[in-house]
Amino acid sequence: DTEVTQTPKHLVMGMTNKKSLKCEQHMGHRAMYWYKQKAKKPPELMFVYSYEKLSINESVPSRFSPECPNSSLLNLHLHALQPEDSALYLCASSQDNRVSDTQYFGPGTRLTVL
Amino acid sequence: GENVEQHPSTLSVQEGDSAVIKCTYSDSASNYFPWYKQELGKRPQLIIDIRSNVGEKKDQRIAVTLNKTAKHFSLHITETQPEDSAVYFCAASLFTYNNNDMRFGAGTRLTVKP
């Protein structure tokens with residue numbers, strides 16, 4: 001399996017909802033990432049997990065809460081989001097920090113906050 | 001932190017012509033420079049990358065050059081085809097253990113006219 005998968009593909013939520021985005025890879029990669037991409041903009045790094053430990057948090061608001069249950073899974077828990085949080089949320093993974101940091105992206109979850 | 005600038009923001013070429021996209025970076029310690037292609041509604045796909053110990057890398061119609069002294073790198077696409085039309089992002093990161101902080105340029109929208 002050479003892909004990063006993400007669910008759901010689309011998500012519409014109200015500002016009071018709680019939802020989760022899921023990301024999975026079975027390439028044996030030990031680093032996983034969350035990016036946020038607004039329309040016509042580049043991906044912006046949110047979080048990095050390395051060997052299931054949070055290694056980078058780019059000052060993301062606490063309404064976004066990442067979780068890495070194991071080396072293959074990455075979740076992003078969402079709570080009390082704002083309409084400006086509407087964006088494409090991309091997950092990525094890379095093999096191993098000491099070997100290669102080539103990042104492979106999932107197809108993304110398109111999030112709309114009403 | 002790293003800052004990546006990318007030019008031009010839009011580029012239109014005739015099929016068969018060459019296209020060149022340029023990026024500069026600010027952190028002289030950065031040592032990994034990937035290029036991603038993103039078609040509308042799809043994930044960023046790695047098309048080529050280069051590490052700081054190499055000055056040039058080629059893969060069929062795509063080549064990347066790196067000038068570490070000047071801190072800039074460029075993507076060259078020869079014999080362009082309509083299917084090359086997409087947004088291209090350059091990125092730069094420092095490849096060390098537990099540091100996967102990759103920063104993207106703003107992107108170049110390439111249009112190849114048949």
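Predicted model, so just to flag it, every value in this text is computed and none were measured. Protein chains get the first letters and strands the later ones, always in sequence-line order, with residue 1 at the start of each. Keep in mind that the numbers below use all heavy atoms, side chains included, and drop hydrogens, waters and symmetry copies.
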(Q) Are A/Tyr35 and B/Met102 packed together at the side-chain level, in the sense that at least one heavy-atom pair is separated by less than 4.5 angstrom? (A)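 They are in side-chain contact.
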Q: Evaluate the side-chain proximity of A/Phe105 to B/Leu46: yes if any heavy-atom separation is below 4.5 Å, no if none is.
A: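 In short, these two side chains do not touch, never coming nearer than 4.5 Å.
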Same cluster (ILVMFWY, side-chain, under 4.5 Å), [X] and [Y]:
X	Y	result
B/Tyr25	B/Ile48	yes
A/Val12	A/Leu78	no
B/Ile77	B/Phe33	yes

Q. Quick one: what part of B/Gln38 sits under 4.5 Å from any heavy atom of chain A, side chain, backbone, both or neither?
A.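 It is the side chain, since no backbone atom gets that close.
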Q. Given that the side chain runs from C-beta out, which part of B/Pro34 has a heavy atom under 4.5 Å from chain A: side chain, backbone, both or neither?
A.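 Neither part; nothing is under 4.5 Å.
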**Q.** Minimal non-hydrogen separation, A/Gly106 against B/Arg43, with atom names
**A.**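 Minimum heavy-atom separation between A/Gly106 and B/Arg43: O-CB, 3.1 Å.
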Q.
Distance check, rounded to the nearest 0.5 Å: B/Tyr32 atom OH versus A/Thr102 atom OG1?
A.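 So the gap between those two atoms works out to 3.0 Å.
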**Q.** CZ-CD distance between B/Phe89 and A/Gln37, expressed to the nearest 0.5 angstrom
**A.**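 Between atom CZ of B/Phe89 and atom CD of A/Gln37 there are 5.0 Å.
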Other residues, nucleotides, ligands: >12 heavy atoms within 6.0 Å of [X] [atom1]:
X	atom1	value
B/Glu83	CD	yes
B/Glu79	CD	no
B/Leu40	CG	no
A/Lys38	NZ	yes

Q: Could you tell me which of B/Gly41, B/Pro44, B/Gly107 has the largest number of non-hydrogen atom pairs under 4.5 Å with chain A?
A: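 That would be B/Pro44.
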Q: Identify which part of A/Gln6 has an atom lying under 4.5 Å from any heavy atom of chain B, answering side chain, backbone, both or neither.
A: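 Neither part, no heavy atoms under 4.5 Å.
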Q) Given the options A/Lys40, A/Glu44, A/Lys41, A/Gln103, which has more heavy-atom pairs under 4.5 Å with chain B than any of the others? A)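 Of A/Lys40, A/Glu44, A/Lys41, A/Gln103, A/Gln103 has the most heavy-atom pairs under 4.5 Å with chain B.
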